[in-house]
Number of protein chains: 2
Amino acid sequence: MCHGVYIMDISDNTIKRICSIFGSLSAMEKRGVEFVSSKELAGYIGSTEYTVRKDISILGVTGYTRRGYEVSGLKKELECKLNLSKKKKACIVGLGRLGTALLDYEKFQEDGFEIVAGFDCSINRIERLNTHIEVFQISYLKDTIQQRSIELGIIAVPAKSAQEVADDLIEAGVKGILNFAPVKIGVPKHIIYLEMDFTNALRFIAARSSL
Amino acid sequence: MCHGVYIMDISDNTIKRICSIFGSLSAMEKRGVEFVSSKELAGYIGSTEYTVRKDISILGVTGYTRRGYEVSGLKKELECKLNLSKKKKACIVGLGRLGTALLDYEKFQEDGFEIVAGFDCSINRIERLNTHIEVFQISYLKDTIQQRSIELGIIAVPAKSAQEVADDLIEAGVKGILNFAPVKIGVPKHIIYLEMDFTNALRFIAARSSL
DNA sequence: ACACATTAGTGAAATAATTCACTATTATAC
DNA sequence: GTATAATAGTGAATTATTTCACTAATGTGT
Ligand SMILES: NC(=O)c1ccc[n+]([C@@H]2O[C@H](COP(=O)([O-])OP(=O)(O)OC[C@H]3O[C@@H](n4cnc5c(N)ncnc54)[C@H](O)[C@@H]3O)[C@@H](O)[C@H]2O)c1
Ligand SMILES: NC(=O)c1ccc[n+]([C@@H]2O[C@H](COP(=O)([O-])OP(=O)(O)OC[C@H]3O[C@@H](n4cnc5c(N)ncnc54)[C@H](O)[C@@H]3O)[C@@H](O)[C@H]2O)c1
């Protein structure tokens, strides 16, 4: 952690918005933008200027009156507060359609997430894969995670195997899990867990738009 | 809409939880489970029994004392209230690694979302695709959406094209958009919009676990 | 130099969401 | 049949979050 801020006291909503802000800042930095106001940031992330200012001030970061926030300065501060400066190693379990799409997605790398291994239970599938990431049979999961100090596990196996895979990942020592299988996985409190359920997303859109 | 409930007055949080509950109920129904308590449901979706009961009662659905909710009954009620009973037609724009993974994902079909078309700007790519879904060059987007009454658009193009694609989808008449490009798209108020940003998800996990 | 407009910072107010506390009901055990 | 325990339903209390209202600072135009 950086200094002065107890990130565990900050709400999930704030952390999620700060992550979005961070993404917007990266894009702006690339475009050479120097300053950005809370109002503009709010537009980029779909929030309000009040909330953006409060979120940023919760992290103890300040801007400049009449100019807003200095883009690369704010980005560095957020990086530090959110502990995003260090590259993080991740692995993907389940190298089917979705898993292989994720495997070679370059943007993870750009954003500091390095996919250093892929796992699948099917030797056939592994042998047929054409990727520059190293892929292993699932039985090597624990050893590989420990040898390479992999901290993040991404689950892309069928729902019925997801819990089992998660248990193995946790036993091997990952600190966080991103789950793409459409099922809620149980994890101990010290493991950070997030689910991306595309079907639920479509349901939400359908419900809200009363199709 | 069903009757008696004004879905637009219900909070996003409640709708999202109800969507998750719906997913859990589908799984339970398949396993032949007959009754489920608010406590169990809370466990499945990662919430509390109080919140689950309140959410369900907001929709005007009731359970049975000492037994909980009747699984298939509750599922039918939610289906009706959330307007999930009718099959919804969707299309995918951008048939790269992610788009093609989504294209043939059978579970969408099972859950009432029918992918009826795919679009890409690259003729080469389209010709090389091996799928049972019909795929088109992007210039056919508007006509196809209108002829087939497609109501949902799924965006899987690079970030820099996402806004343009969204504008075309909206002009063609979709009611909702699910965006996988890591950029916030601006849409008019009557369009339901949801973003799935995997990088932000990883950032959240990294921040929370202080890797 | 001065007035004005813009913008961050922030405590207070308002709003929203969750949790609690309690009631009523009913299945189960004895 | 009665006691008990489990569970939904729900208004009230609590807690969390967002929005507002105001201050202070400072860049811009005249
Ligand atoms: N394909 C999509 O677009 C999509 C969309 C939404 C959700 N999902 C979810 O993502 C997950 C993967 O989907 P997919 O379409 O890639 O499926 P898939 O069947 O193409 O691939 C699954 C892979 O997991 C491997 N696997 C199965 N059990 C395993 C285990 N115990 N350990 C290691 N590997 C194992 C299989 O060999 C296979 O390669 C599923 O849970 C699915 O519901 C996929
Ligand atoms: N691959 C992943 O695992 C992954 C993960 C997270 C996010 N994403 C996001 O999803 C999107 C797609 O990723 P991908 O890896 O599949 O990329 P990709 O480059 O493999 O595919 C993009 C496809 O979009 C097509 N395309 C480009 N511009 C278009 C336009 N204007 N109209 C129609 N088609 C167009 C291209 O021809 C290509 O087929 C990107 O925004 C990416 O950031 C992908």
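Residue numbering restarts at 1 for every chain, and letters A, B, ... go by the order of the sequence lines. Values reported hereafter were calculated over all heavy atoms of this structure, with side chains retained and with hydrogens, waters and symmetry mates removed.
- In terms of modelled atom types and a separation under 3.5 Å, the side chain of Ser24(B) and the main chain of Ser20(B) share a donor-acceptor contact.
- Following rounding to the nearest Å, Tyr50(A) (OH) and dA8(C) (P) show an atom-to-atom distance of 12 Å.
- Applying the 4.0 Å criterion to OP1 and OP2 of dT19(C), one finds that Thr48(B) has a side-chain N or O inside that range.
- Inter-residue side-chain proximity for Ile21(A) and Leu78(A) is flagged as met; some heavy-atom pair is nearer than 4.5 Å.
- When the shell of 6.0 Å around CD of Glu34(A) is examined, it contains 12 or fewer heavy atoms from other residues, nucleotides or ligands.
- Whole-Å rounding puts the Arg53(A) CZ to dG9(C) C1' distance at 7 Å.
- Remark: C1' of dA24(C) and CZ of Arg67(B) are 15 Å apart, rounded to the nearest angstrom.
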Give the intermediate values and the outcome of side-chain hydrogen bond (donor to acceptor under 3.5 Å, both in side chains) for residues Ser47(A) and Arg17(A). CA-CA 8 Å; Ser47(A) 182; Arg17(A) 283 190 300 261; 4.5 Å; no
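- Within the 4.5 Å cutoff, no side-chain heavy atoms of Thr14(B) are placed close to those of Leu59(B).
- Taking atom NZ of Lys39(B) as the reference point, atom C1' of dT19(C) lies 14 Å away to the nearest angstrom.
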Take Gln146(A) and Thr144(A), measure what side-chain hydrogen bond (donor to acceptor under 3.5 Å, both in side chains) needs, and give me the verdict at the end. CA-CA 5 Å; Gln146(A) 292 178 342; Thr144(A) 312; over 6 Å; no
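- Aromatic pair Phe180(B)/Phe198(A): centroids less than 6.0 angstrom apart.
- When side chains are defined from C-beta on, Arg203(B) does not count as touching Lys88(A), because their heavy atoms never get closer than 4.5 Å.
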Protein-nucleotides 12-17 of chain C N/O pairs closer than 3.5 Å?
unit_1, atom_1, unit_2, atom_2, d
dA12(C), N6, Lys54(A), NZ, 3.2

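- Ring geometry for Tyr140(A) versus Phe136(A): interplanar angle of 30 to 60°, hence tilted.
- Along DNA chain D, read 5' to 3', the first and last nucleotides having any atom under 4.0 Å from a heavy atom of chain B are dA5(D) to dA12(D).
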Using a cut-off of under 3.5 Å, enumerate the N/O to N/O pairs linking the protein to nucleotides 2-5 of chain C.
unit_1, atom_1, unit_2, atom_2, d
dA5(C), N3, Arg66(A), NH1, 3.0

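- Taking 4.5 Å as the limit, some side-chain heavy atom of Cys91(B) sits within range of a side-chain heavy atom of Leu169(B).
- When rounded to the nearest whole Å, the span between CZ of Phe35(B) and P of dT28(C) equals 10 Å.
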Salt bridge (Lys or Arg N to Asp or Glu O under 4.0 Å) between Lys107(A) and Asp111(A), intermediate numbers included: CA-CA 6 Å; Lys107(A) 205 156 181 311; Asp111(A) 288 319; 3.0 Å; yes
